[in-house]
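What follows is a set of notes on a single structure, which appears directly below.
Just so it is clear: chains get the letters A, B, ... in the order the sequence lines come, proteins before strands, and each one is counted from 1. Computation of the quantities below employed the complete heavy-atom set of this structure, encompassing side-chain atoms and omitting hydrogens, waters and symmetry-equivalent molecules. Everything numeric here is computed off the predicted structure, so don't read it as measured data.
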There are 2 protein chains.
Amino acid sequence: MSEVQLKDALDTLKSTGVRITPQRHAILEYIIHSTSHPTADEIYRALEKAFPNMSVATVYNNLRVFKKAGLVKELTYGDSSSRFDFVTHDHYHMICNDCGKIVDFHYPGLDEVEHLASHVTGFQVDYHRLEIYGTCRDCIGDSAKAQ
Amino acid sequence: MSEVQLKDALDTLKSTGVRITPQRHAILEYIIHSTSHPTADEIYRALEKAFPNMSVATVYNNLRVFKKAGLVKELTYGDSSSRFDFVTHDHYHMICNDCGKIVDFHYPGLDEVEHLASHVTGFQVDYHRLEIYGTCRDCIGDSAKAQ
DNA sequence: TCTTACATTGTAATCGTTATAATTAGTGTA
DNA sequence: TACACTAATTATAACGATTACAATGTAAGA
């Protein structure tokens with residue numbers, strides 16, 4: 001089923017006149033199959049074996065291309081580097097403050113908040129972003145053991 | 001009333017054994033009085049006249065101290081540098097995609113979302129973060145004029 | 001006053017990301 | 001298939017935000 005997503009994504013790119021190069025294919029495939037919201041560097045290192053000559057710049061360039069096409073979202077948190085997430089249906093992120101793990105979860109859109117915000121601030125609302133921070137099961141277990 | 005906030009913040013610091021230096025006082029005061037969610041560099045430049053010898057490192061060091069004391073929150077968005085926000089009561093941010101302006105707005109806590117997230121992911125929830133993106137009145141006006 | 005620990009300063013180093021120029025490779029057309 | 005044109009990739013240099021480090025300064029307690 002992620003094969004379908006990949007195919008759709010490639011079609012979307014083609015339809016906007018973007019060439020499908022082997023590198024692009026690989027980067028996109030990696031993001032779709034990954035569940036870990038990788039950084040640019042992680043993508044780069046993961047594809048090193050398959051593309052020994054690929055440049056980091058290629059990864060960044062293509063992530064920007066994918067973002068512009070609406071296929072990929074950039075997530076910026078407190079840590080130094082951005083993470084990238086394949087855009088599927090609306091979901092939010094639950095982030096572990098200990099180990100940095102990011103887990104997706106679904107929740108009906110917060111339209112009401114958007115409306116209120118628009119009303120109060122006079123902004124024209126485009127979208128919103130919500131993250132929940134806490135501690136994952138593994139890390140709760142670890143800290144219990146450590147004591 | 002922001003005088004009270006400043007005094008409280010200084011008390012909090014003192015109680016945790018942090019010395020109140022003139023630089024610390026000035027940085028904290030600036031953040032509290034500022035409505036613009038400044039970057040480290042903006043704080044640095046704003047205090048340049050009063051503290052010609054102050055180092056950028058001092059700004060960063062103290063922002064970290066304030067963060068650890070829970071007085072200040074670091075906001076990381078897509079752009080390159082972090083912004084800092086004095087922690088008051090719960091509020092969210094409305095961000096203009098054109099000019100980067102950030103406006104606070106209040107909304108009752110999204111406890112329900114936290115509960116669901118905790119239930120679905122098994123995380124122990126600490127807090128959440130919500131931002132709404134759009135276009136502010138000024139920028140809507142500008143683009144209308146430009147056409 | 002002396003001592004000790006903490007703060008600040010100035011600067012160098014680091015790291016993620018972007019810009020640039022040269023080379024390579026796709027794609028449409030003859 | 002060959003050609004030409006444009007886009008993509010590569011390698012590397014540059015940039016900008018942030019941090020690390022060593023030296024100096026300063027506050028507070030014995």
Side-chain angles (χ1 to χ4, degrees), chain A residues 9-31 37-69 71-85 100, chain B residues 10 13-31 37-69 71-84 100:
Chain A
L10 292 173
D11 287 347
T12 303
L13 285 178
K14 261 187 239 161
S15 74
T16 59
V18 174
R19 290 183 190 162
I20 309 302
T21 66
Q23 292 92 332
R24 281 196 180 141
H25 191 114
I27 295 171
L28 203 48
E29 191 174 20
Y30 183 78
I31 297 180
H37 308 272
T39 63
D41 193 61
E42 279 163 19
I43 299 170
Y44 173 66
R45 284 205 305 263
L47 302 180
E48 233 173 2
K49 302 102 202 171
F51 298 87
N53 294 325
M54 189 172 64
S55 164
V56 211
T58 300
V59 176
Y60 280 102
N61 286 342
N62 287 323
L63 287 173
R64 208 176 337 166
V65 170
F66 298 157
K67 260 175 67 183
K68 210 172 295 176
L71 294 174
V72 157
K73 245 194 304 192
E74 182 174 0
L75 314 171
T76 58
Y77 304 121
D79 49 353
S80 45
S81 46
S82 291
R83 299 180 163 276
F84 295 87
D85 187 22
Chain B
L10 293 173
L13 284 178
K14 262 187 238 160
S15 73
T16 59
V18 173
R19 288 184 192 159
I20 309 303
T21 65
Q23 293 91 333
R24 282 197 178 139
H25 191 113
I27 294 171
L28 204 48
E29 191 174 21
Y30 182 79
I31 297 180
H37 309 271
T39 63
D41 193 61
E42 278 162 21
I43 298 171
Y44 173 67
R45 283 204 305 262
L47 301 180
E48 233 173 5
K49 301 103 203 170
F51 298 86
N53 294 325
M54 191 172 63
S55 163
V56 211
T58 299
V59 176
Y60 280 103
N61 287 340
N62 288 323
L63 286 172
R64 208 174 341 166
V65 170
F66 298 158
K67 256 175 70 183
K68 210 173 295 178
L71 293 173
V72 155
K73 245 193 305 191
E74 182 173 0
L75 314 171
T76 57
Y77 303 121
D79 48 354
S80 47
S81 46
S82 291
R83 300 180 162 277
F84 295 88

Rounded to whole Å, the CD1-C1' distance (B:Ile20 to D:dA27) equals 12 Å
B:Ser81 side chain N/O closer than 4.0 Å to the phosphate oxygens (OP1, OP2) of D:dG16?
no
Rounded to whole Å, NZ of B:Lys68 lies from P of D:dT19 at a distance of 11 Å
Sequence neighbours excluded, the answer for side chain to side chain contact (heavy atoms under 4.5 Å, CB included) partners of B:Tyr44 is B:Asp41, B:Glu48, B:Met54, B:Val56, B:Val59
To the nearest 0.5 Å, atom NE2 of A:His37 lies from atom OG of A:Ser82 at 14.0 Å
To the nearest angstrom, the OH-P distance between A:Tyr44 and C:dC15 comes to 15 Å
Sequence neighbours excluded, the answer for side chain to side chain contact (heavy atoms under 4.5 Å, CB included) partners of A:Ala69 is A:Leu13, A:Leu71
Between the CD1 atom in B:Ile31 and the CD atom in B:Glu42, the distance rounded to the nearest 0.5 Å is 11.0 Å
A:Arg45 atom CZ is separated from C:dC15 atom P, nearest whole Å, by 12 Å
When rounded to the nearest 0.5 Å, the distance separating OG1 of A:Thr39 from CZ of A:Arg45 is 6.5 Å
Give a yes/no on whether any side-chain N or O of A:Tyr60 is located under 4.0 angstrom from OP1 or OP2 of C:dT18. no
Interatomic distance, CZ@A:Phe66 vs CZ@A:Phe84, rounded to 0.5 Å, equals 11.0 Å
Between CZ of A:Arg83 and P of C:dC15 the distance, given in whole Å, is 17 Å
Rounded to whole Å, CD1 of A:Ile43 lies from P of C:dG16 at a distance of 14 Å
N/O to N/O distances under 3.5 Å, protein versus nucleotides 2-4 of chain D:
none

note: B:Leu63, atom CG; D:dA17, atom P; distance rounded to Å ~ 14 Å
5' to 3', nucleotides 7-13 of chain D under a 4.0 Å protein heavy-atom cut-off (B base, S sugar-phosphate only, - none) gives BSSBB--
Residues at least two apart in sequence or cross-chain that pass side chain to side chain contact (heavy atoms under 4.5 Å, CB included) with A:Ala57, listed by chain then number, are A:Ser55, A:Asn61
Here the gap from A:Ser15 atom OG to A:Leu10 atom CG, rounded to the nearest 0.5 Å, amounts to 11.0 Å
Atom CZ of A:Phe84 and atom P of C:dG16 are separated, to the nearest Å, by 12 Å
Report all side-chain donor-acceptor pairs from residues 17-27 of chain A shorter than 3.5 Å, counting only partners two or more places apart or in another chain.
from: A:Thr21; atom 1: OG1; to: A:Arg24; atom 2: N; distance (Å): 3.2
from: A:Arg24; atom 1: NE; to: A:Asn62; atom 2: OD1; distance (Å): 2.7
from: A:Arg24; atom 1: NH1; to: A:Arg19; atom 2: O; distance (Å): 2.8
from: A:Arg24; atom 1: NH2; to: A:Asn62; atom 2: OD1; distance (Å): 3.3

